Amino acid sequence: MILVWLIVILMAGGVLAWISGKINRALPRWIALGSVLAVFGMTLYLWLSNPIPVLDSAWLIQFNQPWIPQWGIDFRLALDGLSLLMLLLTFFLGLLSVLISWREIQTKVAFFHFNLLWVLAGITGVFLTMDLFLFYFFWEVMLIPMYFLIGIWGHENRRYAAFKFFLFTQASGLLMLLAILGLYFIHGRQTGLYTFSYFELLNTTLAPEAARLLMFGFLAAFLVKLPVVPFHSWLPDAHSQAPTAGSVILAGLLLKTGAYGLLRFVLPLFPTATVEFAPWAMLLGVIGIIYGAILAFSQTDLKRLVAYTSVSHMGFVILGVFSFNEWALQGVVMQMITHGLSTGALFIIAGFLYERLHTRDIQKMGGFWTTAPKMGVIALVFVMASLSLPGLGNFIAEFLTLVGSWQANNWLTVFATIGLVMATIYSLRIMQKIFFEANRMEQALPDLNAREMLIAIPMVAMILWLGLYPQPFLDTARPSIQEQLQAYTASPPPPVAMSQLTPQVQLTDTIRLNQILKASRHDPD
Amino acid sequence: MTLTDFQHLMPLLILTFAVLVSMLVIAVGRNHKIMYVITAVSFLAAFASLFELRDVGRYTIEPLLVVDGFGVFYIGMILLTALLISMLSYAYFEQREERKEEYYILLLLATIGACVLVISTHFASLFLGLEILSVSLYALIAYLRTRERSDEAGIKYLILAAFSSAFLLFGMALVYASTGTMEFAGIATAIANFTELPLLLLTGFGLMIVGIGFKLSVVPFHMWAPDVYEGAPAPVTAFIATVSKGGVLGVLIRFFMEVDGFRYPTLVLIFTIVAIASMLAGNLLALLQRNVKRILAYSSIAHLGYLLVAFLTGNQMGVEAVTFYLVAYFITTVGAFGVVAMLSDKERDAEQLEDYRALLWRRPWTAAVFTVMLLSLAGIPLTAGFVGKFYILAAGVNTQLWLLVVMLALNSVIGLFYYIRIVAVMFQQADAEVEMEPRGRLRPSIYLASVGTLTILTLLLVYIGVYPTGLLQVIEGMLAVATP
Amino acid sequence: MGELLWLIPALPFAGALLLVLFGNRISRALVSVIGVGSVGISAAVTLVLGIEYLSSRPAFIRQEVWQWFDVAGFSPSIAFHLDALSMVFIFVITFVGFLIHIYSTEYMAEDKDYARFFACMNLFVGSMLMLVMADNLLLLYLGWEGVGLCSYLLIGFWYKEPENGYAARKAFIITRVGDTAMAIGLFMLFQQFGTLHIQSISTEAAQVWSIGNETAMIIALLLLGGAVGKSGQLPLQTWLPDAMAGPTPVSALIHAATMVTAGVYLIARMHVIFALSPVAMTAVAVIGAVTLLIAGFAALTQYDIKRVLAYSTISQVGYMFLALGVGAWSSGVFHFMIHGFFKALLFLCAGAIILALHHEQDMRKMGGLSKKLPVVFYTFLIGAASLAAFPLVSAGFYSKDQILWLQLAGENGNIWLYLAGLLGAFITSIYTFRMVFLTFYGEEKTHVGHKPTWAITVPLIILGVLSFAGGFIELPHNFGHVVLFSDFLAPILPAVTMVPDFNQYEWMLQLLAAVVSLGGIFIAYLYYYKKPELIESIHRSEFAMAIHRFWHSGWGFDQLYDTLFVRPYVYLSKVNKKDFIDSIYTFIANVTQNFHELFSRTQTGVMRNYVAGIVVGAIMILTISLLL
Amino acid sequence: MSAIPMETGLLLAGVLFMLGLISVMIRRNIIFMLISVEIMLNAAGLAFIVAGSHWAQPDGQIMFIFILTMAAAEVSVGLALILQIHHQLKTLNSDAANFMKG
């Protein structure tokens, strides 16, 4: 039931916030803060009260209630480590979103918070549901409020951005719906049991051709959401036009639903088709890493720049997912969390700057370190996170991903690693243009105030924690990752498929590694 | 005709009686409110009489009509829709000084026509139903006769409808000529004996499709729709978009299921082309349109295309999908036009996009209702439109009509654009020059019925969107007996 | 023992953290106490541990602070490893670091970002210690990147000047190129061994691979890539001269004594892998030889005193690589230590001069400082002698001579490498004393402002003593034969296999080296003190000036990279700023819109057209139904 | 009784239908368009009668009566509308009634 409460509290809070706007302008903010705090507290409690689960049951809590029995649709929620982590991230960023909007949003406050909470509710649903119909349902539910957030409270070009965001995600989502339906009927014909239950559908045996088509249906939605080049073009617009809270949620959470979908659905549902597609997917990932990095370098709109860095960073996710090993997947999960934090933080800093300067053009900025050293330090931390400096969470994520992807494909990993150099190039440009050099503005930039520090400090603390002691997070994710990988452990991805794409470095002792892996897998520690 | 026959035709009789009473009342003295109450009560009564027929099974009134679950459900749908439309009409017509009372008579008559359509099993009853509907509509469309557009729409609809009726009739004649019967069942038997369909019959079917296609406003017979939608008063537009089309679609389904037209690749091909063309043309035409009523017209063209997808599956699931979608579509369309009607003033309807600018801030609840309606049309979850679209897609995937299904998905995206565009206009900031409340309005109490209706519609829409099980059960239960 | 190990890096980190959090709110004196004190205590702890270590002589001491993470058997720890090799490095880092911190209190006294400076310096010392104390390569990588960050922050310390920022970014990016290679090396190592624990890898590699193994070669070359980037070796050396944009103590600590030698540490640390691959070894040696020559020639032509020293650093690190490349591990490390002393000394002297001359760095505007700044002069002279390998009395002579000697005496040596080293030594002494003569002799050209006080002079003197005496812990066979240093390292770093019966030539080679060094000094004396007109004659020759310009620009590497990489990248980025993929979608949208307009045109509003539409539809339907 | 073959009768109806159709297409005057539509309806009626006589059933003729009735109703409404249009547009040219388009 607690899972249902999470969603219900958010939705009810949203409605309440909307209504309360009639009474008092500040009330919606407090209601929103209260509801997010409540769900965050509940999730934290769940996390702390559940010791690291043992291997054979990845699922911590399940909730099941028939919904549309005619079609085999249940209101089925379930929580495992992966979902738990995603929820923690969701509510953490949700909390920050409420806080950063405290001063930024001054028009239609009540409706803003309604949308904010409903986006969070939709995202929560996506991370929790184990019924494919319900999944699609939530997948769409989170879009509308997001559309409003961008379209109403966004910057100058908000309508265009909102449209683009909506159309891209909808178009891809519909393809996923077709694939879900295809899977539903195939499974139904096979077993006579027509159901959208994730757990049942996992047992579907698919002809290779069908599997491939269905996989592409799912991929369409997730790759657009992630986003993978060449489906990324909604993202820079949406990210740069959204209000700060919107950008944080977009970059921090909505992109993660794509990654989550890949992990949760694509991997276990289509074990053979994914292996076939893996080299191409990894190639897409690498292209994304490099392409995003190159484009980020030349952007002059700060939020647009950060948006392209997201494209680049999300390339690591798909690279990792299609490596099919635990290191890479742990890296992916870490990347989801750390990227959520670090990019969210960069957007927040962009928001702080925008509030003070009313511009996002970095060519007009410069020399802010002199007057705003606190902001400078915090920006520095997250810029460094974005170029994956060791000691910060992003490094663990990207290093694990690359270690894992190296096992799968050498050359692509090499190019992905080169992406780190490019990350350095664009990241340092951010620091240089904003905080260093001479101040081009007439006015002095006020440093962060107490509220802003309250937002920034937890993020710095989190990113350091994730960088120095990520084990609690890794432990939480482990059982579910192993579950997702079950179909792959029996047969590692055939090297043949990879050598078709790229010449391989000759390696002599790969067998040794496998032995080590096996040994370590049996070892509980 | 026996007494039981009359019992089974009770809803129609109630409506007919209401028409007669209305005429008498008008003869005695004009009173808008009384007429309005009579109409609403008669619709309610007719609908209530349907409960008697709920478990009717299949009752045939030889040779013209059949009352079965399918028919009862569709009649119910039509009656409720007509009721809702009449509820919305009151405020709309109250602010117009013209004679308002005959409107309700025409509305009742048109509803009777539609009801006859969906229970007809004979060309004659089909024709009669259709014409009762059409002729009433001619008058309804041009009802606000001082408006140029109303007249233009009326004459366009009249000429074109008569023109298409000629096609339909000629087609019927040819089918009759080649089969020797005008009963659906008889035609089915006759066709079953042919190894290959004779030319005459095919031509007949082809011509009939023209006539039916016109009423459904599918491509390429759709061109009247935007003009008529624009010119007609908003409630009448809602009526055309829902009741008229629903009735025709009902009889089409009945006829096709009866003769099992899905066996003939030619017919399937024609409908496939029509469906795809309707989806594409409808959505593309609506894309940058700035007149809301025209947008809704084009969108209805597209929606008929979607419906045809489910129709083309040619099985029980398809019929259920069509029916479910129709319910959702009816609610949504009535709701949307209801909003249009509510925002209209006595000079003109609120049809330009500009009229909706910043509506969300001026009249948040109206805007919210309209947003929900538009989202339902777009097929976004939490609304009935989503479940309906899902049902259609499911039916399509089930029958593996991949081309149609993919086209549907693609078109949904195009469609999304213009629905969202209206939503975007509503939450735009108001320009300083635009007056917040431009027009003098009636007493708020007059709008009570409209507001209530819209609220009900919205709640219904969300309810079905969130919990469609109930409606699904009803549809499955009612339709199970109907389809052979 | 060893419980205190974690304190060594932790103290500077704590200092940095304190300064970041409260630096702006506390007095300068307190900042100095925290900044200098943390490193000082760290140095003291090092001393305590070092004494303990020397007295008990364990193979190594390991301390695990916590397990970093554990993913499917990949379980690196935050753990420290102390053995002789890291001992040497820790010693240099903490002590030289401590001295430079003291020095900085005076050098940076006027700067308003005093706290930020010390925060970065402390952070640097901490990261550098992390690097050399790490027991696994991932932690090493953490330190490795950490020092890169600090280097970036400190080069760009005076951030108002865009050039400084440029230099800082250049340093970070170019070293990151090397780091990337190294990271790939780590991936491969992990794939091979399932761990990044250095000891395990070293033990296993020796068992699993035979000499010449291809994988070992690739890994070694990749690690070399990292080393080359960090140590400013060819082909990634171009960042180091520009890095002189930072404050001079930074140049002394980071870009001379410690960080740039991280590559040396890495190779020495992973010597097992390198030893397995002759190709990689040759690459190391050749890179070292070529770099030391190129940088030497470039140093000859610089006017900026710090740039001379920067090129000299590149060149001297080249010697270390040369040593490592022939398997003379401990000689390389020995030279690192000595170089750390004298180069820090030289930089600090240069800093004192620059401070005295109001931030004037051009040697052409210096001169006659020997009287004005006597302490600086004499300590500089000691440093210069050491750098030029002045025979017998300078530490540099012993460390460099050992390297040159092993080029011939070592089994892996090569006459060409030897000659390159010898030539390098000759050039070194020329440019070193060019510097001495230009700066301290001749007439005074700029007024001396700031006279150094104790905070500057004491570190100079201590480093001067070390630069002089440091050499005596390792003396050649025929000359005292003291092997304290290589003995100390022997458990970790194997000795060079010598060519048999070669010892009798050693004195000849020593003599040659001495002659070369003195010859260089003499030439510098001749050209830059005695007969400056000789320089004039060079300046008149077109050809000579062309070469001069070429060398001055660092052999044109900057221009080359600019053309090859920087400009294409920037072009590619700028030209696609609007993202051409976006235009694909715009195109689709436009096509849809065009369709809309096309279709809209059919809705003419004219009834007869609608009739025609129906007729066309009817004809189509009839055609289909009749033809099919 | 030598019946006219059904095909011939239908052909006649078809021709009539085509005539009506073509004149709807080429006529601009709304009244003439209405008349032409009536011709088409009558063609359909004729076809019904022919078919009915072929099958020797009264159904065709019944249908024709229905059609006549309907046509009458339609014409009455139509003429009223045309009057209104003429009142407003001062012309019966159907092409003039094109306020609504796009």
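First the proteins, then the strands, lettered A, B, ... as listed; each starts at 1. Being a predicted model, the structure only gives us computed values, none of them experimental.
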*Asks:* Can you check whether A:Phe436 reaches C:Trp158 side chain to side chain, under 4.5 Å on heavy atoms?
*Replies:* no

*Asks:* By a 4.5 Å heavy-atom criterion (distance strictly below it), what part of C:Trp66 contacts chain A: side chain, backbone, both, or neither?
*Replies:* side chain

*Asks:* Under a 4.5 Å heavy-atom cut-off, does chain A meet the side chain of C:Ile174, its backbone, both or neither?
*Replies:* neither

*Asks:* Whether the C:Tyr159 and A:Thr370 side chains hold a donor-acceptor pair (N or O, under 3.5 Å, no angle test) is what I'd like checked.
*Replies:* yes

*Asks:* For the candidates A:Leu295, A:Leu380, A:Leu420, which exhibits the highest count of non-hydrogen atom pairs separated by less than 4.5 Å from chain C?
*Replies:* A:Leu295

*Asks:* Which bit of A:Ser427 comes within less than 4.5 Å of chain C, counting heavy atoms only: side chain, backbone, both or neither?
*Replies:* neither

*Asks:* Out of A:Lys374, A:Arg304, A:Gln299, which one racks up the most heavy-atom pairs below 4.5 Å with chain C?
*Replies:* A:Gln299

*Asks:* Measuring only between side-chain heavy atoms, which start at C-beta, is C:Arg176 closer than 4.5 Å to A:Leu387?
*Replies:* yes

*Asks:* What distance separates C:Phe187 CZ from A:Trp327 CH2, expressed to the nearest 0.5 Å?
*Replies:* 13.0 Å

*Asks:* Taking every non-hydrogen pair under 4.5 Å, which of C:Glu161, C:Arg116, C:Lys578 racks up the most with chain A?
*Replies:* C:Arg116

*Asks:* Tell me, side chain or backbone of C:Leu153 under 4.5 Å from chain A's heavy atoms, or both, or neither?
*Replies:* side chain

*Asks:* So which of A:Leu329, A:Leu400, A:Asp475, A:Val403 actually passes side-chain contact (heavy atoms from CB on, under 4.5 Å) with C:Val71?
*Replies:* A:Leu400

*Asks:* Residues of residues 137-146 of chain C under 4.5 Å from chain A (heavy atom pairs)?
*Replies:* C:Leu138, C:Tyr141, C:Leu142, C:Glu145

*Asks:* Less than 4.5 Å to any heavy atom of chain A: does that hold for the side chain of C:Val20, its backbone, both, or neither?
*Replies:* side chain

*Asks:* Report yes or no: does C:Trp68 contribute a side-chain atom to a donor-acceptor pair with the main-chain N or O of A:Gln471 at less than 3.5 Å?
*Replies:* no

*Asks:* Give, for atom CZ of C:Phe190 and atom CD of A:Gln407, the distance between the pair rounded to the nearest 0.5 Å.
*Replies:* 6.0 Å

*Asks:* Pick whichever of A:Ile481, A:Val414, A:Val377 has the most heavy-atom pairs under 4.5 Å with chain C.
*Replies:* A:Val414

*Asks:* Calculate, to the nearest 0.5 Å, the distance between atoms OG and CZ belonging to C:Ser573 and A:Arg429 respectively.
*Replies:* 7.5 Å

*Asks:* Answer with side chain, backbone, both or neither: which region of C:Asp113 has an atom nearer than 4.5 Å to a non-hydrogen atom of chain A?
*Replies:* neither

*Asks:* Under 4.5 Å heavy-atom distance to chain C, tell me which part of A:Phe435 shows up: side chain, backbone, both or neither.
*Replies:* backbone

*Asks:* With a 4.5 Å limit on heavy-atom distance, are the side chains of C:Asn576 and A:Ser298 in contact?
*Replies:* no

*Asks:* Less than 3.5 Å apart, any donor N or O on the side chain of C:Asp579 or A:His232 sitting next to an acceptor on the other?
*Replies:* yes

*Asks:* So for C:Leu196, is it side chain, backbone, both, or neither that comes closer than 4.5 Å to the heavy atoms of chain A?
*Replies:* side chain

*Asks:* Once you round to the nearest 0.5 Å, how far does CZ of A:Phe415 lie from OG1 of C:Thr180?
*Replies:* 13.0 Å

*Asks:* Check whether more than 12 heavy atoms from other residues, nucleotides or ligands sit under 6.0 Å from atom OH of C:Tyr569, and answer yes or no.
*Replies:* yes

*Asks:* What's the separation between atom OH in C:Tyr152 and atom OG1 in A:Thr424, rounded to the nearest 0.5 Å?
*Replies:* 10.5 Å

*Asks:* Is there side-chain contact between C:Phe74 and A:Glu326, with heavy atoms separated by less than 4.5 Å?
*Replies:* no

*Asks:* Sort C:Phe580 into side chain, backbone, both or neither according to what part of it lies under 4.5 angstrom from a heavy atom of chain A.
*Replies:* both

*Asks:* Where does A:Leu474 contact chain C at under 4.5 Å (heavy atoms): side chain, backbone, both or neither?
*Replies:* side chain

*Asks:* Below 4.5 Å from any heavy atom of chain C, which atoms of A:Thr300 appear? Answer side chain, backbone, both or neither.
*Replies:* both

*Asks:* Are C:Tyr585 and A:Phe168 an aromatic pair by the rule of ring centers under 6.0 Å?
*Replies:* yes

*Asks:* Not counting sequence neighbours, which residues clear ring pair (Phe, Tyr, Trp, His ring centres under 6.0 Å) with A:Phe166? List them please.
*Replies:* A:Tyr147

*Asks:* Which bit of A:Trp234 comes within less than 4.5 Å of chain C, counting heavy atoms only: side chain, backbone, both or neither?
*Replies:* neither

*Asks:* Below 4.5 Å from any heavy atom of chain C, which atoms of A:Glu437 appear? Answer side chain, backbone, both or neither.
*Replies:* both

*Asks:* Please round to the nearest 0.5 Å and tell me the distance separating atom CD1 of C:Ile184 and atom CG of A:Leu402.
*Replies:* 8.5 Å

*Asks:* With a 4.5 angstrom heavy-atom cut-off, which part of A:Ile396 approaches chain C: side chain, backbone, both or neither?
*Replies:* side chain

*Asks:* Side chain, backbone, both or neither: which part of A:Phe231 has a non-hydrogen atom closer than 4.5 Å to chain C?
*Replies:* both

*Asks:* Can a cation-pi geometry be assigned to C:Lys577 and A:Phe297, taking NZ or CZ under 6.0 Å from the six-membered ring centre and within 45° of the ring axis?
*Replies:* no

*Asks:* Below 4.5 Å from any heavy atom of chain C, which atoms of A:Tyr160 appear? Answer side chain, backbone, both or neither.
*Replies:* side chain

